[in-house]
Amino acid sequence: MYSFEYHRPGSVAEAAQLLTGNEDAKLLAGGMTYIPTLKQRLAQPSAVIDLGGIAELKGIKEEAGGLTIGAMTTHGEVASSAAVRQAIPALAALASNIGDAQVRNRGTIGGSISNNDPAADYPAALVALGATVRTSKRELAAEDFFTGMFETALEEDEILTAVHVPKPEKAAYSKFANPASRYAIVGVFVARTSAGVRVAVTGAGPAVFRATEMEQALAGNFSAAALDNVTVAADALNSDIHASAEYRAHLVKVMAKRAVEAAG
Amino acid sequence: MKVSMSVNGKQVSGEAEPRTLLVEFLRYELGLTGTHVGCDTSQCGACVVHVNGSSVKSCTMLAVQAEGAQVTTIEGMAQGDELHPLQAAFREHHGLQCGFCTPGMIMSAADLLKTNPSPSEHEVREWLEGNICRCTGYHNIVKAILAAADTMRGAARAAE
Ligand SMILES: Cc1cc2nc3c(=O)[nH]c(=O)nc-3n(C[C@H](O)[C@H](O)[C@H](O)COP(=O)(O)OP(=O)(O)OC[C@H]3O[C@@H](n4cnc5c(N)ncnc54)[C@H](O)[C@@H]3O)c2cc1C
Ligand code: FES
Ligand code: FES
């Protein structure tokens with residue numbers, strides 16, 4: 001690891017101040033992605049700003065017909081939260097299947113979505129549930145937040161503070177996990193809300209995307225059978241040692257059907 | 001930087017650069033070499049310790065992030081000469097061969113048993129997702145953890 005300065009601010013304002021004008025400073029959340037990156041010398045920050053001491057970034061509260069989850073809330077906290085299990089059980093279940101127990105004890109929802117790994121689980125949930133992402137500067141729809149592979153709408157000096165997730169009528173997530181890491185080879189999150197049905201896919205493409213044809217098919221008939229005649233094109237999907245684009249396309253449909261069945 | 005924390009119930013402090021990992025601080029600054037490093041990718045779990053009561057990979061946390069924390073390592077599990085029930089069960093049930101993964105296995109399992117005192121075999125196997133063993137094939141590790149859970153439930157009942 002290259003050397004760097006370490007800061008542990010006590011508020012978002014203080015963290016933002018440390019970032020401003022310090023181009024090579026980087027934020028540290030659970031460190032489950034960023035510390036391995038540092039260890040491999042793939043990053044050389046001048047300063048690391050640890051968000052771990054900021055109380056306002058932690059915790060889950062019920063708000064405006066849904067849940068507000070602070071950026072520094074760990075996967076383990078989301079998985080075991082009574083509020084999440086009650087309002088959006090599919091989200092708690094998704095969190096309980098991220099990586100392993102020790103990754104869940106440190107890794108955070110804010111870190112996961114800021115990183116926007118193409119195989120990460122949370123992006124699918126947030127897009128399907130129509131969540132709102134809150135930052136130190138603004139609020140934006142999750143769909144507009146995830147812009148590409150490892151890319152988000154976050155600016156250099158912007159800090160993700162929380163996500164607001166509306167409570168769906170029904171929802172479920174189904175993942176075909178990489179057996180070593182548990183990242184999604186393909187993960188599909190299906191949600192039915194008062195605004196309609198949304199299907200979001202992670203792992204399959206360069207970044208999370210909505211399967212609009214599936215959404216239309218499910219709008220009139222929310223059943224796995226409604227997806228029988230939908231075709232998933234392999235063209236824009238990922239191909240790697242774990243799965244070809246064609247296999248991923250196949251898995252998108254299988255996972256979507258399982259999610260619809262699980263949502264009931 | 002000076003870093004202070006409680007390790008196995010004792011207040012300690014030492015020097016650490018911001019880039020010093022918690023596992024490096026434990027091993028090289030404090031000489032607690034029971035915590036192992038088995039990979040570079042945060043996947044093997046040989047380095048698992050408890051920080052403020054929950055299991056974490058000490059290779060994926062900076063020492064400075066543990067400032068003021070309560071840390072427990074494998075060296076803190078036995079009570080004097082008396083092995084922790086998990087340690088005793090690993091010995092009894094041949095839950096180790098080379099032993100490299102064992103400290104992490106035990107620290108991880110101890111966290112499981114704290115929240116789930118009577119896990120099913122399936123729950124134990126799921127929980128060990130983040131602990132890799134190159135020798136045993138896991139079977140005896142799972143057996144040891146289930147046996148330790150039994151012993152610990154018995155001890156808890158006896159204490160009531
Ligand atoms: C063995 C292993 C298995 C895993 N399996 C899975 C899996 O199955 N599914 C899955 O989805 N993920 C998986 N992960 C990733 C895990 O969920 C990470 O926790 C997550 O990707 C990053 O979150 P973090 O809190 O650790 O962030 P960090 O690693 O601390 O940060 C990640 C990035 O986000 C930036 N950042 C962090 N917080 C903020 C913020 N509030 N505002 C702006 N920028 C911020 C950081 O600067 C950094 O660039 C796995 C990781 C490991 C090591
Ligand atoms: S040394 Fe392998 S996970 Fe920490
Ligand atoms: S006993 Fe050798 S790695 Fe587990």
Side-chain angles (χ1 to χ4, degrees), chain A residues 1-10 25-54 58 72 74-77 79-80 93 96-108 111 177-183, chain B residues 1-3 16-24 35 37-69 104-105 107-116 119 123-132 145:
Chain A
M1 221 186 281
Y2 296 111
S3 68
F4 49 77
E5 276 175 38
Y6 174 80
H7 301 280
R8 194 178 167 88
K26 271 293 248 178
L27 299 172
L28 177 66
M32 289 296 121
T33 296
Y34 196 52
I35 291 179
T37 307
L38 288 172
K39 288 206 284 189
Q40 289 171 64
R41 293 197 165 185
L42 295 172
Q44 189 171 10
S46 57
V48 165
I49 302 165
D50 183 358
L51 300 175
I54 306 181
K58 290 184 192 149
M72 287 300 288
T74 64
H75 310 329
E77 285 161 354
S80 61
S96 74
N97 282 311
I98 294 177
D100 55 58
Q102 289 73 36
V103 167
R104 295 192 290 275
N105 280 341
R106 295 287 300 165
T108 67
N178 178 316
S181 70
R182 298 284 142 154
Y183 272 108
Chain B
M1 287 174 87
K2 193 168 154 224
V3 188
E17 284 186 76
R19 63 175 162 177
T20 305
L21 297 169
L22 178 58
V23 68
E24 294 169 338
T35 303
V37 175
C39 75
D40 285 335
T41 51
S42 306
Q43 279 176 312
C44 77
C47 63
V48 172
V49 302
H50 296 182
V51 175
N52 295 331
S54 67
S55 57
V56 305
K57 300 180 186 192
S58 61
C59 74
T60 315
M61 182 169 173
L62 304 173
V64 287
Q65 290 183 286
E67 171 69 36
M105 288 286 176
M107 298 314 287
S108 181
D111 193 14
L112 168 68
L113 298 185
K114 207 172 51 186
T115 47
N116 183 357
E123 285 171 325
V124 173
R125 289 186 185 272
E126 286 272 294
W127 183 268
L128 295 182
E129 171 64 33
N131 293 87
I132 294 175
I145 294 170

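In what follows, every chain begins at residue 1, and chains take the letters A, B, ... in the order their sequences are listed. Because the structure is a prediction, the values reported are computed rather than measured.
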Check each atom of [X] against the heavy atoms of chain B and say whether the ones under 4.5 Å are side chain, backbone, both or neither.
X: A:Tyr34; result: neither
X: A:Pro179; result: backbone
X: A:Leu38; result: neither
X: A:Ser80; result: neither

Contact class of [X] relative to chain A, heavy atoms under 4.5 angstrom:
X: B:Glu67; result: neither
X: B:Thr41; result: neither
X: B:Met1; result: side chain
X: B:Val48; result: side chain

Would you indicate whether the side-chain heavy atoms of [Y] and [X] approach each other to under 4.5 Å?
X: B:Thr60; Y: A:Val103; answer: no
X: B:Leu21; Y: A:Ile35; answer: yes
X: A:Ser181; Y: B:Gln43; answer: yes
X: A:Tyr6; Y: B:Arg19; answer: no

Could you state the interatomic distance from [atom1] ([X]) to [atom2] ([Y]), rounded to the nearest 0.5 Å?
X: B:Leu62; Y: A:Arg8; atom1: CG; atom2: CZ; answer: 10.5 Å
X: B:Met61; Y: A:Met32; atom1: CE; atom2: CE; answer: 8.5 Å
X: A:Arg104; Y: B:Ser54; atom1: CZ; atom2: OG; answer: 12.0 Å

* Structure fact -> Assert top hit (heavy-atom pairs under 4.5 Å, partner chain B, pool A:Gly52, A:Ser3, A:Ala101) equals A:Ser3

* Count the heavy atoms of every other residue, nucleotide or ligand shown that sit under 6.0 Å from CG of B:Asp40, and state whether that count exceeds 12. => no

* Using only heavy-atom distances, determine whether the side chains of B:Ser108 and A:Gln102 contain a donor-acceptor pair under 3.5 Å. => yes

* **Under 3.5 Å: donor-acceptor pair, side chain of B:Lys57, backbone of A:Arg106** => no

* To do: Kindly say whether B:Glu129 contributes a backbone atom to a donor-acceptor pair with the side chain of A:Asp100 at under 3.5 angstrom?
  => no

